[in-house]
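Below is one structure, written out as structure tokens; the observations come after it.
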Amino acid sequence: RAIVARLCLEAHEVVIVMVLLEALLAKHGPILQLYSARPLLLAICILARKLTREASAPMTACVGAVDDLFTGLTPLLGARIERQLLEYLDWRIPNDPGVYKRHTLALLARGTPPHMLLPSIADVPWVC
């Protein structure tokens with residue numbers, strides 16, 4: 001929750017996080033270990049934000065938003081983790097509507113308001 005809040009992810013971006021995490025686990029399940037879970041989750045959240053926002057999401061700003069949660073994290077290290085994630089995903093973002101629908105319904109079942117699942121048309125600034 002802390003990463004999602006710090007990066008100001010909206011519900012539709014959380015759906016993308018869930019889809020990307022599922023794809024990563026399907027392809028490379030053993031990669032998710034105790035020591036790798038937090039950095040991978042951070043990279044997935046940053047990637048989801050970059051995929052949905054027209055405004056840029058520079059790594060410097062992303063790292064700055066979570067720097068107290070990840071000691072020793074630098075923009076360069078964040079970019080390397082993000083690149084490794086993309087390589088694990090073979091540089092392919094899942095696009096099966098059924099997968100997105102399943103995760104959207106799961107969020108709705110947990111009480112997420114439906115209007116929170118739609119991306120806003122307005123250009124959302126980086127800072128919440």
pair [X]-[Y]: side-chain heavy atoms closer than 4.5 Å:
X: Val99; Y: Pro94; answer: no
X: Tyr88; Y: Arg83; answer: no
X: Val4; Y: Val17; answer: no
X: Leu73; Y: Val66; answer: yes
X: Leu51; Y: Leu47; answer: yes

> By ring-ring contact (aromatic ring centres under 6.0 Å, His included), which residues pair with Phe70, not counting sequence neighbours?
Replying inline: none
> What's the verdict on side-chain contact (heavy atoms from CB on, under 4.5 Å) for Arg49 and Cys8, showing C-alpha distance, side-chain angles and the deciding distance?
Replying inline: CA-CA 9 Å; Arg49 182 172 178 88; Cys8 306; 4.1 Å; yes
Please report the closest heavy-atom contact between [X] and [Y], naming both atoms and the distance.
X: Gly72; Y: Leu77; result: O-CD2, 4.0 Å
X: Leu86; Y: Ile93; result: CD2-CD1, 4.5 Å
X: Met59; Y: Ile46; result: SD-CD1, 3.9 Å
X: Ala43; Y: Ile81; result: CB-CG2, 3.6 Å
X: Leu107; Y: Ala11; result: CD1-O, 3.6 Å
X: Ala48; Y: Leu20; result: N-CD1, 4.4 Å

> Thinking salt bridges, do Lys50 and Glu13 make one under a 4.0 Å N-O criterion?
Replying inline: no
>> Just verifying a value: how many Å separate Ile44 CD1 and Leu21 CG, rounded to the nearest 0.5 Å?
In response: 4.5 Å
> Between atom NZ of Lys101 and atom CG of Leu108, what is the distance when rounded to the nearest 0.5 Å?
Replying inline: 11.0 Å
> Tell me, which pairs form a side chain to side chain donor-acceptor pair (under 3.5 Å) where one or both residues lie in residues 63-73, sequence neighbours left out?
Replying inline: Arg6-Asp68
>> By the side chain to side chain donor-acceptor pair (under 3.5 Å) test, which pairs, at least two apart or in different chains, include something from residues 15-32?
In response: Glu22-Arg102, Glu22-His103, Lys27-Asp90
